[in-house]
Each structure stands twice: as C-alpha cells, then as structure tokens.
Amino acid sequence: MSSVAGMFQRFALLVLCGLVVAGCGKKSEPVVEPKQVLPFADVKVRIYSPKSIDDSRFWEIALSEWSAQTGASYEVVVYDDAEGPDALETRLKGVTGAGQVVFFPATWRSEIGARELCVPLPSEWQGFDDFNWPDLLPGVREHVLKWNGAAAFVPVHLPLMVVYYRADLLEAAGLKPPRTWDEYQQLVLTLNDWAPGLTAIEPWGAESRTSLFLARGLASAKMDGNYSVFLDYSTGAPLIDSPGFERGLEASLSLLPSLDPRSRESTADACVLEIAEGRAALAIGSAFPLLPRNVTELAAPDARIAVVPLPGSRSVYDPGRERWVELGGDKVNRVSLTGWEGLLASVASGASGTETRAAWSVLKMLTVEVGADGFAPGRMVPMRLSTSSTPYPLGVRAIDVRSHLEAVRDSFQGDVIPELSCVDREALRGPLAARLGEVLEGELSPAEALVRVREEWDAILVDARREAIRNSYARGLGFRILR
C-alpha cells in the first residue's frame, strides 16, 4: 500500500510541475494605466491682486495643488490699485491667451461693472458644488454682488459698522440694547447712570465720518421697497438733501457734546479699541476691526462686551409722497451700509470659453474651497449662511462671540446698500466729506450743508456724465439696462 501511495504522490507532483511550466510559458498581458484627464491642460490663468490689500502670499500652496490637479499654469500679478481702475483696464485688455481672475477694491464695483471688464457668474457655477450662490446672505447677494440684474461679483471682505456695548453694565441697570436711534441716544445721555466713569464714542474722524453719516441716516432716508436713496435712479437727481438724511445729521450733531471728545478724530477701528481696553461702555465701530496685537484686555474680570446691529428708525421719509411715514407696531426700519472699503473678485471678460472656465475654477478654489484659510487672518468675513456661526477672529476676549455673529448675520441679511456705488464715486464723495467737516466745525447747519452738497452734485451731474453716473447707479441696484 505504501508503494502505491508513493506512486500517486510522484504522479501528482509531476502534474503540478507541468501546470506550473505551462503557466510560465504564457505571455502576460501588459497592464494599461488609465490616462489621467486634466481638465485645463496647457491653459494659462493670471490672478490679479491689488497692492494695498494683497493676500497672494497665502495662496502658494493652494495654487500649486490646483495647477497639479487641473494641468493649468498660473501667474499672480500684484498691481498698484493706487493708479485707479484705468490702469487695471489697460492691463486686462492687454492680455490674450489666458483666463484672468481679478481681485479689486469694493469701491471699484461700479467702475468694473460699467466698463464690462468682468463676465457674469454663469448659472452652472452657482450651484451647491461650486459658488453656492443661494448660501450667500441675501442682503449682500441681492444688493452688492449683482450687476445689471445678474450675479457678477464674489465677496471676500466687506465693511460694516455695529454697536458695541458693555452688556454686564447694561444688564445690571435693567436696560436693553438699542433697537432704534432714539433708544441709542437715551443710552448715551444717561451713560453716567448705568456706566459711571466710562464714555460713549463714535467714529467722526475724517476717515470715517462720511460712512458714519450715511449709515446713520439710511434708517430715516431709505424706505423699504424704494430703490433710490443717494440718487434718483430714473433721472439721476441727487437725493442727499433728503429730510431723512437731514434728520439723521441733526440728531448726530446734537449728541456729539455727550460723546468722548476723541470721537472727532476717531476711526471705526479706534472706537472698538476704546471699549476693548475699558475706557468706553458704548461704541459705534467696525464689525471687523484691525486691532493691535497687544490689545490690553479690560481690567474687570467679569466684563462682557456684546454687539448689535446699528439701530433703526420707527419713522421714514417717503420721497415719492414727500412725507414722513410712521411704522406701526414694533416695526423698525433698519438699513445696513457697506462698500466704503473691502475686496471683491470676478473673472475678466475677453477670454475663450476654456480659459474663462479655468479662471472660475481657480476663483472658486481660493474663495470657497480654501476660503478664510487662503487670505490674511481676519480678511475673509462671514457672508454666508453656512459660515454665519463661524467665529470671526476679533482678538478681544471680552467680546461675546455669539452676539457678534448674530449682529453681522442680521445686518447682512436685510436691506444692504453699497456706499455711493456709481461711476465717478470719488467726485461725489469729496464734496460730502468736506461739508460734513464744516458741520462738525459749526460753520454750516445740517440743512445748509446738505443743500450745498446737492448743488455741488448737480454741477457734476451734467450732460453725458449724468447719464453715465445714473446708468451705473441703476445697474448697481439691479436694474437691467440694455446697451
């Protein structure tokens, strides 16, 4: 039996060796690697970043990865925005064979739109997986990022003023934060009762006073449903001497003696510093201040600073009917001002379809996928529903984060107005800034100052210039004007 078993073992071994040899004799099929598809192979993209607010040093890693994934090449160009939009237009129109992404100061919004330097955001790029257009807070989305009725600009940074207050002191006195300018005025006038030894401060310095005046007056001058506010969009006539703006300026002037004397020289950032370091109990300041790194925290360990939107008004001037309208019930008219500084982006016109798509792709990567991490710390502000609960790095421990998030969200959700958004913006802003300075010096009354501004604007708004300014103002409001 053992010899038979041995025979079977030897036979099995021979069969196995034969199978192995037979298998080794076959030629193996070559392994074919799947070809990598690069969507923008050999496409070039130029990215323009303004010198005064350049963030391109934060983009290197993200851009290198995008280039490897898409096959496109890129070049970052830092341009001098002090030269104005004319120089940028010359740069953009001097380039062929490349897609172009443009970051530009928010104050150039109308110049960029009126010169048709950029293309609208295509509908196929507005979805959830791309720029997620519906996610943007509606006030910004509808009133700042549209041009001529179409989605046009991508936001990075937009300014906003809010009210900071010492919540611990206000609550201890049994008081509530202000919802109207009348309530705000009452808190200032009774400051010694609820915050003895501390001050109230507002940014009436030369750098901020024009924006503060307009932000303060909008609640009385801009009625819900009305489009015209600085100019009549249908005629171009100035509305700056509206009774609503006049009332706001008169109220501000009457309150000035009760404010910290430094208000006359303060900026919106400096006012936040005053409350952060414990000298003020109430302040109007920037929602996104650039503060020194060595901010001294409040001495009181239980001090809490809370934030609310700028107050509104219960009465609004209706220019159509030329009368004041009193809002019923608990309604408050609140309008937010933005756009006196900041950063927007878009894609330049004139490139091929593939080049333009590559430009939208890199802009999406920088502003949506990388987002706040791709910009200077604190540069990209929360303007989306999905980021409205993400804390902004204020750098002040005592500021209540939740109230700050809510104040920003509520301000950007409602009626939002870009400051003097039209071509020749600086030509209109100059006389307004000058007359406000004369009001603060006691040389003109609010009514006299605003009438004089209107007359100076009328002198600017003549002939073809009036038409260009009016058209840009209307298109910026969302009205579609065919060429």
Side-chain angles (χ1 to χ4, degrees), residues 53 106 132-145 153-167 177-181 184 202-203 208 211-212 214-216 218-219 222 267-273 275-276 282-291 295 304-312 332-344 367-368 371-373 375-419:
I53 41 182
N132 197 4
W133 189 255
D135 185 47
L136 290 159
L137 292 173
V140 174
R141 182 185 67 222
E142 298 301 320
H143 304 306
V144 183
L145 304 180
F153 309 122
V154 176
V156 176
H157 176 93
L158 286 172
L160 182 69
M161 288 189 191
V162 292
V163 175
Y164 295 83
Y165 67 95
R166 282 287 297 272
R179 293 184 65 231
T180 68
W181 284 108
Y184 171 84
E202 297 178 4
S208 304
S211 300
L212 177 59
L214 293 174
R216 170 70 175 82
L218 279 173
K222 168 67 169 64
T267 65
D269 286 356
C271 289
V272 181
L273 191 61
I275 195 167
L282 191 64
I284 292 178
S286 170
F288 315 110
L290 294 175
L291 300 178
V295 173
R304 287 184 298 110
I305 301 170
V307 190
V308 290
L310 286 189
V332 173
N333 186 57
R334 192 174 66 213
V335 186
S336 299
L337 184 77
T338 191
W340 62 88
E341 59 184 20
L343 187 65
L344 299 175
T367 59
V368 179
D373 294 333
F375 293 85
R379 173 77 71 193
M380 198 164 189
V381 306
M383 285 177 278
R384 290 180 173 274
L385 292 169
S386 58
T387 59
S388 61
S389 59
T390 303
Y392 181 86
L394 288 163
V396 179
R397 173 190 53 79
I399 296 179
D400 178 70
V401 173
R402 183 177 182 83
S403 70
H404 180 262
L405 291 170
E406 291 176 350
V408 171
R409 183 197 62 207
D410 292 349
S411 298
F412 280 151
Q413 281 206 106
D415 203 353
V416 180
I417 302 295
E419 181 186 289

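We count residues from 1, following the sequence as given.
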Exercise. Run the side-chain contact (heavy atoms from CB on, under 4.5 Å) check on Thr387 and Met380 step by step: do they pass?
Worked result: CA-CA 11 Å; Thr387 59; Met380 198 164 189; over 6 Å; no
Exercise. Is there a side-chain contact (heavy atoms from CB on, under 4.5 Å) between Val368 and Asn132 once you walk through the steps?
Worked result: CA-CA 9 Å; Val368 179; Asn132 197 4; 5.9 Å; no
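In this structure, the side chains of Val144 and Thr338 come closer than 4.5 Å at one or more pairs of heavy atoms. Side chains of Trp340 and Leu214 form no contact here, defined as non-hydrogen atoms less than 4.5 Å apart. Two residues are said to be in side-chain contact when any heavy atoms from C-beta on lie closer than 4.5 Å; Leu310 and Val163 meet this criterion. When side chains are defined from C-beta on, Val381 does not count as touching Val408, because their heavy atoms never get closer than 4.5 Å. The closest side-chain heavy-atom distance from Thr267 to Pro203 is not below 4.5 Å. Residues Pro289 and Tyr164 have side chains in contact (heavy-atom distance under 4.5 Å, counting atoms from C-beta outward). Looking only at side-chain heavy atoms (C-beta outward), Met161 and Leu337 stay at 4.5 Å or farther from each other.
In this structure a side-chain-to-backbone donor-acceptor pair under 3.5 Å is present from Asn333 to Ala219. A distance-only check finds a donor-acceptor pair linking the side chain of Ser336 to the backbone of Ser411 [under 3.5 Å]. Side-chain atoms of His404 come within 3.5 Å of backbone N or O of Ala287 as a donor-acceptor pair.
Scanning all heavy atoms of the two residues, the minimum distance from His143 to Gly414 falls at CD2-O, 4.2 Å. Residue Gly285 comes nearest to Val272 through the heavy atom pair CA-CG2, 3.9 Å, listed as atom of the first residue, atom of the second, then distance. The shortest non-hydrogen separation linking Pro155 to Leu136 is CG-CD2, 3.8 Å. Minimum interatomic distance between Val162 and Val307 (heavy atoms only, all atoms of both residues): CG2-CG1, 3.5 Å. Closest of all the heavy-atom pairs between Ile275 and Ile305 is O-CD1, 3.5 Å. Heavy-atom minimum distance, Ala306 versus Ser403: CA-OG, 3.5 Å.
Listed by first and then second residue, the salt bridge (charged side-chain N to carboxylate O under 4.0 Å, His left out) pairs involving residues 384-399 are Asp135-Arg384 (not counting sequence neighbours).
Within the model, atoms NE2 of His157 and CD1 of Ile53 stand 8.0 Å from one another, a figure rounded to the nearest 0.5 Å. To the nearest 0.5 Å, the span separating CG on Leu344 from OG1 on Thr367 amounts to 11.5 Å. Put simply, OH on Tyr184 and CZ on Arg216 are 9.0 Å apart, with the number rounded to the nearest 0.5 Å. In this structure, the separation between CZ on Arg379 and OH on Tyr392 is 8.0 Å, given to the nearest 0.5 Å. For the atom pair CG (Leu137) and CD (Gln413), the distance works out to 5.5 Å, reported to the nearest 0.5 Å. Atom CG of residue Asp269 and atom OG of residue Ser208 lie 7.5 Å apart, to the nearest 0.5 angstrom.
In this pair, Phe288 and Phe412 present their aromatic rings parallel. The plane angle is below 30°, not in the 30 to 60° band.
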